[in-house]
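To start, the structure itself, in structure tokens.
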Number of protein chains: 2
Amino acid sequence: MLKEERFRLILDRLVHDQKVYLAGLSTLLNVSEDTIRRDIKELAEQGLLKSVRGGAVPHSPGPHRFKDRILHDTEQKQIIAKKALEFLKDDQVVIFDGGTSAVLVAQLLPKDVHLTVVTNSFPVATLLEEHEHVEVLFAGGRLLKNSFVTIGNDTIQFLKKFRADICLLGICSIHAELGVTSPNFEESEVKRVMIESSKEIIALATVEKLETAEAYYVCPTDRLSVIITDQLAEDEAFKVYTELGIKMA
Amino acid sequence: MLKEERFRLILDRLVHDQKVYLAGLSTLLNVSEDTIRRDIKELAEQGLLKSVRGGAVPHSPGPHRFKDRILHDTEQKQIIAKKALEFLKDDQVVIFDGGTSAVLVAQLLPKDVHLTVVTNSFPVATLLEEHEHVEVLFAGGRLLKNSFVTIGNDTIQFLKKFRADICLLGICSIHAELGVTSPNFEESEVKRVMIESSKEIIALATVEKLETAEAYYVCPTDRLSVIITDQLAEDEAFKVYTELGIKMA
DNA sequence: GTAAGTTTTGCAATATCCTGCAATATTTAT
DNA sequence: ATAAATATTGCAGGATATTGCAAAACTTAC
């Protein structure tokens with residue numbers, strides 16, 4: 001069997017299944033795992049797939065690269081994202097935060113809305129690239145490893161230029177008294193500027209984020225206009241926020 | 001048996017089976033494997049198939065929609081990208097242009113190099129995101145539809161801050177007298193700033209780009225340090241550039 | 001931490017490829 | 001038609017590539 005036959009089969013399975021395992025290919029093709037491993041390495045060098053531990057996954061630049069991480073997003077966040085869409089009106093200027101929640105909103109955004117989107121998130125930008133009526137303004141800066149967002153002074157200076165209608169803010173922790181907090185200093189700084197640059201703040205938070213706190217302060221709770229969660233129970237926690245004048249959705 | 005008969009049969013089997021083996025053809029046609037090998041070599045030179053170890057496969061495989069439509073992922077550009085890698089040394093500051101050629105370089109970049117990369121290209125940034133020792137500085141700005149790069153004043157102002165060692169510049173057109181040109185005004189402006197901000201310019205251009213011109217001027221030809229092409233024929237065009245003090249690779 | 005699984009590296013066995021050469025077939029020039 | 005030039009073919013060898021194995025280094029999950 002030619003090496004190229006193996007290549008083709010590997011790539012075909014990859015297109016079909018979105019993943020391949022070393023062990024499976026080894027038995028299927030009757031060669032050692034080492035050989036498959038070397039094949040995958042070679043294909044990866046050509047940029048035709050991405051080698052990962054135990055196998056390989058498709059690898060093409062553009063939006064598809066983010067599919068993996070979006071996949072293990074929960075139903076909760078889907079619910080939140082759908083609710084968030086209702087707050088976006090045509091011709092608004094919207095700041096998209098870099099978190100996964102905001103990415104989901106970008107993913108679900110209908111193709112026909114007219115928006116100006118400001119973001120520091122690569123997934124958001126690439127997802128919106130093909131929306132004909134969405135102008136994307138991307139905040140440059142230093143690329144933060146493992147999170148596909150830019151941070152740093154350049155990012156902040158860029159964001160300061162805007163006066164957006166809405167900011168979609170992914171929330172790590174929120175507490176009625178301690179306010180919104182984040183576990184990463186530089187991200188917290190960026191979030192703070194996003195908030196300063198927006199009239200209304202839409203917070204996206206799964207219920208377990210409510211009434212928790214992290215190390216770095218972002219903004220007081222009453223700066224938020226709306227908190228969108230996946231459940232709408234009428235429990236104590238909700239009353240606290242409602243009394244602060246925040247709309248729960 | 002005529003050589004041409006063998007050729008026909010080899011190509012027929014190739015269309016039918018998507019592969020041929022040296023051994024199989026040898027017994028089938030009653031000639032030595034060496035003869036088949038030479039036949040295949042000759043057919044490969046005519047571009048009618050691709051010679052591989054142990055046999056041959058079709059030159060442009062049928063159901064291989066895997067090749068990106070974003071990247072015109074031709075062998076030419078692969079060759080160019082590989083050559084370009086040799087110019088990148090550890091601890092340099094490198095500006096990556098947004099074109100497909102530069103993306104391929106990013107794709108092929110080994111994981112262990114230490115670099116600071118400045119770019120306005122989303123694919124370049126996301127590809128390098130997982131390189132542990134590559135710091136990515138992304139130029140913000142307006143996202144240009146259908147090309148995954150940022151453009152505009154913000155992009156330009158960001159790029160102006162740097163004094164890079166090298167700029168990897170994808171070339172649309174180059175002409176010894178008319179210089180480097182581009183078909184898109186805003187992209188040409190960005191390229192111009194990238195050049196201003198770099199000491200050495202490495203131009204990435206397939207041979208058919210040589211001695212052609214487009215509407216928007218980027219820089220004079222002798223501003224380039226190296227032109228990397230997929231072929232290194234010693235023809236007239238090359239001499240022109242060499243006489244300008246440009247290294248051809 | 002440990003243990004299980006995975007990747008990397010070096011190595012040896014095998015297969016394939018390239019080169020030069022000699023024998024034969026084919027073409028060309030006279 | 002004949003000799004010389006050219007092309008084709010098979011073969012021997014040394015060079016190169018591929019493959020599987022095993023030990024060591026590394027990851028991951030618990």
Side-chain angles (χ1 to χ4, degrees), chain A residues 1-11 13-14 17-59 68-69 71-72 74 145-147, chain B residues 1-11 13-14 17-59 61 75 78-79 82 85 107-114 129-134:
Chain A
M1 164 170 288
L2 300 175
K3 198 166 61 161
E4 279 67 23
E5 291 183 69
R6 294 200 308 268
F7 282 10
R8 203 159 49 209
L9 203 138
I10 292 172
L11 291 174
R13 280 187 81 91
L14 204 50
D17 298 344
Q18 297 290 299
K19 76 207 174 214
V20 290
Y21 298 104
L22 286 176
L25 290 173
S26 173
T27 51
L28 185 69
L29 296 169
N30 275 312
V31 290
S32 74
E33 291 198 8
D34 295 76
T35 299
I36 301 293
R37 195 171 285 121
R38 278 184 272 235
D39 287 349
I40 285 177
K41 192 175 172 188
E42 196 173 334
L43 290 168
E45 276 164 13
Q46 291 178 39
L48 296 173
L49 50 71
K50 184 183 171 187
S51 168
V52 299
R53 198 182 176 78
V57 294
H59 177 4
D68 305 345
R69 48 182 50 221
L71 277 183
H72 49 73
T74 56
K145 295 288 174 195
N146 304 317
S147 74
Chain B
M1 164 171 289
L2 296 178
K3 198 163 64 159
E4 277 66 25
E5 290 183 66
R6 293 201 307 270
F7 282 10
R8 258 253 313 284
L9 203 138
I10 292 173
L11 292 174
R13 281 186 80 91
L14 202 51
D17 297 344
Q18 299 287 300
K19 82 223 167 196
V20 289
Y21 301 105
L22 285 177
L25 291 173
S26 172
T27 53
L28 185 69
L29 296 170
N30 275 313
V31 290
S32 73
E33 291 199 6
D34 294 77
T35 300
I36 301 293
R37 193 172 287 121
R38 277 183 272 236
D39 288 349
I40 285 177
K41 194 174 173 186
E42 197 173 333
L43 289 168
E45 276 162 12
Q46 292 177 40
L48 296 173
L49 50 70
K50 186 179 171 195
S51 169
V52 300
R53 198 180 178 80
V57 293
H59 188 251
E75 308 244 327
Q78 289 263 352
I79 293 168
K82 274 181 195 154
L85 287 178
Q107 233 173 31
L108 298 177
L109 194 72
K111 283 283 198 315
D112 56 352
V113 289
H114 292 59
E129 193 268 348
E130 54 195 16
H131 285 64
E132 208 179 335
H133 306 295
V134 173

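Each chain gets a letter, A, B and so on, in the order its sequence line appears, and its residues count up from 1.
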> Atom CD of B:Glu4 to atom P of D:dA7: distance rounded to whole Å?
Replying inline: 14 Å

> To the nearest angstrom, how far is B:Arg6 atom CZ from C:dA25 atom P?
Replying inline: 15 Å

> To the nearest angstrom, how far is A:Lys41 atom NZ from D:dA17 atom P?
Replying inline: 15 Å

>> Could you tell me how far apart B:Ile36 (CD1) and D:dG10 (P) are, to the nearest whole angstrom?
In response: 8 Å

> Separation of B:Phe7 atom CZ from D:dA7 atom C1', in whole Å?
Replying inline: 12 Å

>> Check the phosphate of D:dT18 against A:Lys3, side-chain N and O only, distance under 4.0 Å to OP1 or OP2. Yes or no?
In response: yes

> In terms of the nearest nucleotide of DNA chain D, which residue is placed more toward the 5' end: B:Arg53 or B:Arg38?
Replying inline: B:Arg38

> Under the salt bridge (Lys or Arg N to Asp or Glu O under 4.0 Å) criterion, do B:Lys50 and A:Glu4 qualify, and how do the steps go?
Replying inline: CA-CA 10 Å; B:Lys50 186 179 171 195; A:Glu4 279 67 23; 5.3 Å; no

> Can you check the A:Met1 CE to D:dT18 C1' distance for me, whole Å?
Replying inline: 15 Å

> Quick one: A:Glu33 CD to C:dT8 C1', roughly how many Å, whole number?
Replying inline: 14 Å

> If you take atom types as modelled and just measure distance, does the side chain of B:Arg37 reach the base of D:dG10 with a donor-acceptor pair under 3.5 Å?
Replying inline: no

>> Within the structure provided, determine whether A:Arg37 and A:Ile40 are in side-chain contact (heavy-atom separation under 4.5 Å).
In response: no

> Rounded to the nearest Å, what distance is computed from the CG atom of residue A:Asp34 to the C1' atom of nucleotide C:dT7?
Replying inline: 9 Å

>> Under a 3.5 Å distance rule, please check whether A:Lys145 uses its side chain to pair with a backbone N or O of B:Glu129 as donor and acceptor.
In response: yes

> Is there a donor-acceptor contact under 3.5 Å from the side chain of B:Ser51 to the main chain of B:Ala56?
Replying inline: no

